[in-house]
Protein chains: 2
Amino acid sequence: MSAVEETDQAIVSALTADGRMSYTDLAEKVGLSVSAVHQRVRRLEQRGVIIGYGARVDYNAIGLPLTAFVAIRPFDPAQPDDAPERLAHLSEIESCFSVAGEDFYILLVRVASPVDLERLLQEIRTSANVTTRTTVVLSTPFEQRAPRIHLAD
Amino acid sequence: MSAVEETDQAIVSALTADGRMSYTDLAEKVGLSVSAVHQRVRRLEQRGVIIGYGARVDYNAIGLPLTAFVAIRPFDPAQPDDAPERLAHLSEIESCFSVAGEDFYILLVRVASPVDLERLLQEIRTSANVTTRTTVVLSTPFEQRAPRIHLAD
DNA sequence: TCTGAAAGGTTCTATCA
DNA sequence: TGATAGAACCTTTCAGA
């Protein structure tokens, strides 16, 4: 681990925790000039280390208080496995993970109510020709915590 | 749904998609003056609708290429259910969801390698006195998509 | 709740070490 | 790679409607 990596780690760490931190503050935090930090951030963005920036929202406040995991597997095991493309149009699906194990994919979904979840599950089943197994989230002790970074460059 | 809500929806939507968008661009996008938008964003932050801002990173690039779901349940069903507090110190755990169903919690974890996953699972089991059932993520077709907002105020 | 304007800070580029 | 400096732009606040 060189000092360079450590600086980039500190930058990525700081920006995952606060994506709107100014370059002035960031520079002070990592002990570089504003333009040097600016340059490094731009390089991290170009390298694809930093993909983008987003606001974190309270899902209750934006009218999506019901979170669930939906594990899916094909109705017919021989059918082509194109579930992600078939499901991408459903905006209630926040994330889609291809997984090892009995299921093919695990979806993380956010909806307004149980009725909306029912409707969504029907759409998922018909859109991708899959069976679903749903686990409802009751509460979220913590979520989207900033990772500890291990840059290897 | 009033016009006011729609403006706030547009603001939250835009900021979840691009958390660093300038107030100038945001103002143009939602058809208000810069100061009006600024005021609304500040109110959304104060109301807790917008919790914060963060950089989205490529987990491969930051040295955490292995993602997994870890479902946990207490080793002894009679023990106090304080798993989230006991696990919060493990930085590899990005999210912790309390769920309905056979499991008590589902954790989303990010680690560098299978060996690190093994180590983490041992720490989870001993820290919280739980059994674990792990589902490894093979690939992520999509993740952290911006939600469609339904503000109710 | 919105607008417009002004002050101060930040981003970004260019240039040099 | 990093620093400095300056122009352009953005954020923030305030008065007024």
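Source: prediction; values computed, not measured.
- Residue A:His38 places none of its side-chain N or O atoms closer than 4.0 Å to OP1 or OP2 of C:dT11.
- For B:Arg42, no side-chain nitrogen or oxygen approaches OP1 or OP2 of D:dT12 to under 4.0 Å.
- You'll find that the side chain of B:Ser35 is closest to C:dG4, out of D:dT1, C:dG4, D:dT4.
- Residues A:Arg43 and A:Gln39 bring a donor and an acceptor atom of their side chains to less than 3.5 Å of each other.
- Between A:Arg110 and A:Glu143 a salt bridge is recorded (basic side-chain N to carboxylate O distance below 4.0 Å).
- Judged by distance alone, the side chain of B:Thr132 and the main-chain N or O of B:Leu121 form no donor-acceptor pair under 3.5 Å.
- Taking atom CZ of residue A:Arg43 and atom P of nucleotide C:dC12, one finds them 15 Å apart after rounding to whole Å.
- Scanning residues 10-28 of chain B for heavy-atom distances under 4.0 Å to DNA chain D yields B:Ser22, B:Tyr23, B:Thr24.
- Annotation: cation-pi geometry satisfied between A:Arg20 and B:Tyr23 (NZ/CZ under 6.0 angstrom from ring centroid, within 45° of ring axis).
- Counting only N and O atoms by type, the side chains of A:Ser127 and A:Arg86 include no donor and acceptor under 3.5 Å apart.
- B:Arg145 and A:Ser91 make their closest contact through NH2-CA, 4.1 Å (heavy atoms, listed as atom of the first residue, atom of the second, distance).
- Taking every side-chain heavy atom of A:Val34 into account, C:dT11 is the closest of C:dT11, C:dC2, D:dT11.
- Nucleic acid contact class of A:Ala36 (heavy atoms, under 4.0 Å, all strands): sugar-phosphate only.
- A salt bridge (Lys or Arg N to Asp or Glu O under 4.0 Å) check over residues 59-81 of chain B, counting only residues at least two apart or in different chains, returns the pairs B:Arg73-B:Glu102, B:Arg73-B:Asp103.
- Between B:Gln39 atom CD and D:dA15 atom P there is a gap of 14 Å when expressed in whole angstrom units.
- Side-chain atoms of A:Tyr53 and A:Leu15, non-hydrogen and from C-beta on, do get closer than 4.5 Å to each other.
- Helix-axis bend for the helix from C:dT1-D:dA17 to C:dA17-D:dT1: the local axis fitted to the five terminal pairs at one end deviates from that at the other end by 30°, rounded to 10°.
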